[in-house]
Amino acid sequence: MSARIVVVGDVLLDRDITGSSERLSPDAPVPVVDVRHVHASPGGAGLAALLCAGRAGGLPGEPPTVVLVAPLAEDDAAAELRAQLTGIDVHALGHEGGTRTKTRVRSAGQTLVRIDAGGPGTPLEVDAGGLAAVLGDADVILVSDYGGGITRDESVRRALTETAARVPVVWDPHPRGGSPVPGCAVVTPNLAEARAAWGRLDTARAEVPDESLAEALRVGWDTRSVAVTAGACGAFLATSGTAELLPTVPVDSSDPCGAGDRFAAAVAVQLAAGGSVHRSVEAAVAAAARWVEAGGAAAFRDGRIGPDGPAATRRPASRPLAQDPQEAAIHAVAATRARGGTVVATGGCFDVLHPGHLETLRRARDLGDVLVVLLNSDDSVSRLKGPDRPVVAQQDRAALLMGLRHVDGVLVFDEDDPRAALDRLRPDIWVKGGDYTPDLLPEAPLVRSWGGRVEVLPYLPGHSTTGIVQRITAGNVDAR
């Protein structure tokens with residue numbers, strides 16, 4: 001049985017008028033656009049619903065059932081909206097005024113002007129009982145606020161507040177909308193929205209660094225977590241006292257339109273599939289980057305991309321484009337989780353690579369879809385192995401590992417054991433080589449705390465880095 005996602009929000013009709021502009025108007029110093037195409041599609045909560053129905057998290061299997069709760073007018077634009085909400089179960093509320101439309105006039109890939117019409121879109125005649133029944137059947141609720149008034153309506157807010165106690169609510173806020181109801185699972189403002197929201201919450205105007213905004217808002221809004229999207233930086237996620245940056249890989253794009261909808265929809269889909277908040281936000285960061293790179297909402301409206309982007313732009317997790325080992329690891333993990341794959345990690349010094357290392361890495365990679373190596377830093381190796389080690393510096397060790405086809409990324413850590421690095425990465429499978437049982441590993445309880453598992457692979461006999469170093473030191477490189 002498929003998951004059920006209810007999207008609550010403001011719907012509008014997005015139109016793109018595209019053409020060419022080669023002359024100025026004779027009656028005003030403005031460009032003349034010769035129209036070639038007119039594209040229209042649902043925007044606001046309508047776009048969010050379509051993204052959810054299209055498995056915005058890139059997960060395999062049956063797509064979720066999506067219900068859209070939104071004020072809808074009775075006019076030609078609304079009829080066009082309904083016709084394009086294919087596969088979406090629409091629960092319409094009364095709508096004040098005409099359908100809200102956003103019309104962009106574009107030439108050579110650039111928007112020349114945007115024309116907004118309709119509205120205000122405030123909900124009318126809300127059936128509180130019917131709304132509560134729709135929300136109560138949801139596995140996840142996504143609130144897509146576009147400032148039309150639905151999140152300020154007392155009946156809607158009351159129903160969402162009551163439901164948030166038992167159903168995860170993802171709230172994508174708007175500066176003109178109502179504040180998130182208490183108990184939301186995740187609130188997803190962008191950085192500008194987060195700064196403005198903090199200014200409204202804190203009358204003393206206390207300065208809060210960008211990296212601390214997510215935690216400040218989590219407390220101020222009384223929500224379980226806040227993910228502040230920060231463009232090319234990724235997202236700051238706060239869940240319990242501190243915020244961490246979940247980075248993204250920068251992409252080339254001039255149009256980030258719709259990235260917030262893509263992000264929030266991906267979070268909702270991942271949560272509906274049983275993902276944790278951390279993994280859902282991590283997958284959403286990667287999904288939003290792919291969306292922007294593929295052309296954003298404009299490309300979606302004219303059919304050039306679907307909810308998960310064009311196949312040609314999707315990067316296989318096993319061959320990330322980033323050359324830096326750490327960036328490669330971040331990208332590979334995010335891309336793998338976005339499509340529901342399995343992340344495997346292993347760790348060690350890897351001071352002098354030998355066939356035993358290669359066999360362990362090969363078998364580890366076979367356990368999942370991507371392999372990240374947690375590599376001891378030079379200082380860490382010296383503390384563990386002695387002042388004469390490592391033989392090979394960490395930068396070169398990382399480069400050698402990245403040259404192996406079984407390794408997708410390398411993360412260097414400075415501690416004496418990998419637990420802190422593991423807690424940041426949170427792989428599905430942690431692999432160690434040796435002749436002991438998983439229960440003897442000090443990191444095993446940590447890995448199991450997030451649902452991961454530990455695998456121990458036996459060493460390939462006759463190979464040891466320490467032995468190789470001793471033979472080289474003794475001048476006997478051929479000895480076994």
Side-chain angles (χ1 to χ4, degrees), residues 279 316-320 325-326 328-330 332-333 335-337 340-377 380-381 383-385 389-392 394 396-413 415-471 480:
R279 291 192 178 181
S318 61
R319 284 290 174 254
Q326 179 166 310
I330 292 169
V333 169
T336 300
R337 284 181 174 153
T342 299
V343 175
V344 182
T346 189
C349 301
F350 295 95
D351 192 6
V352 177
L353 282 175
H354 55 66
H357 288 142
L358 300 182
E359 178 66 9
T360 298
L361 294 170
R362 181 192 67 77
R363 294 180 63 184
R365 182 61 171 78
D366 287 343
L367 293 173
D369 302 296
V370 66
L371 175 64
V372 175
V373 176
L374 302 184
L375 183 67
N376 292 76
S377 70
S380 176
V381 174
R383 291 193 299 269
L384 294 171
K385 303 293 185 179
R389 300 280 297 276
V391 175
V392 181
Q394 67 189 42
D396 294 332
R397 287 184 283 131
L400 287 170
L401 287 167
M402 284 299 296
L404 303 176
R405 66 187 181 92
H406 302 301
V407 176
D408 300 288
V410 178
L411 296 175
V412 178
F413 67 94
E415 297 82 9
D416 289 343
D417 69 59
R419 279 177 287 190
L422 275 170
D423 195 33
R424 291 190 294 270
L425 182 64
R426 300 199 169 197
D428 301 294
I429 303 173
W430 170 241
V431 175
K432 286 292 290 182
D435 55 2
Y436 36 71
T437 64
D439 291 335
L440 294 178
L441 292 171
E443 63 267 28
L446 176 67
V447 174
R448 292 173 181 143
S449 71
W450 58 74
R453 79 173 195 263
V454 178
E455 293 282 346
V456 175
L457 302 178
Y459 281 134
L460 189 67
H463 298 282
S464 162
T465 299
T466 300
I468 293 173
V469 172
Q470 290 173 346
R471 290 195 295 274
R480 291 272 179 175

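FYI, side chains are in, hydrogens and waters are out, and symmetry mates aren't considered; it's all heavy atoms of this structure. Note that the numbering runs from 1 along the sequence shown for the chain.
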Might you point out which heavy atoms bring [X] and [Y] nearest each other, and give the distance in Å?
X      : Y      : value
Asp369 : Thr342 : OD2-N, 2.6 Å
Trp430 : Pro418 : CZ2-CG, 3.8 Å
Pro445 : Pro442 : CD-O, 3.4 Å

By side chain to side chain contact (heavy atoms under 4.5 Å, CB included) - contacts of Leu358 (at least two apart) |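 Per chain and number, Leu358 pairs via side chain to side chain contact (heavy atoms under 4.5 Å, CB included) with Leu404.
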Quick one: side chain to side chain contact (heavy atoms under 4.5 Å, CB included) partners of Ala399, sequence neighbours excluded?
->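 Expected list: none.
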Nearest-0.5 Å distance that lies between atom [atom1] in [X] and atom [atom2] in [Y]:
X      : Y      : atom1 : atom2 : result
Arg383 : Ser377 : CZ    : OG    : 6.0 Å
Asp366 : Arg363 : CG    : CZ    : 9.0 Å
Leu446 : Leu441 : CG    : CG    : 11.5 Å
Glu443 : Lys432 : CD    : NZ    : 6.5 Å
Arg362 : Arg405 : CZ    : CZ    : 9.0 Å
Phe350 : Leu374 : CZ    : CG    : 9.5 Å

Side chain of [X], backbone of [Y]: donor and acceptor closer than 3.5 Å?
X      : Y      : value
Arg397 : Asn376 : yes
Asp408 : Leu371 : yes
Asp351 : Val391 : yes
Trp450 : Pro427 : yes
Ser380 : Glu415 : yes

Compare all side-chain heavy atoms of Leu361 with those of Leu401 and state whether any distance is below 4.5 angstrom.
-> yes
Residue pair Arg279 / Asp428, side-chain heavy-atom distance below 4.5 Å | yes
Salt bridge present between Arg419 and Asp423 (N-O < 4.0 angstrom) | no
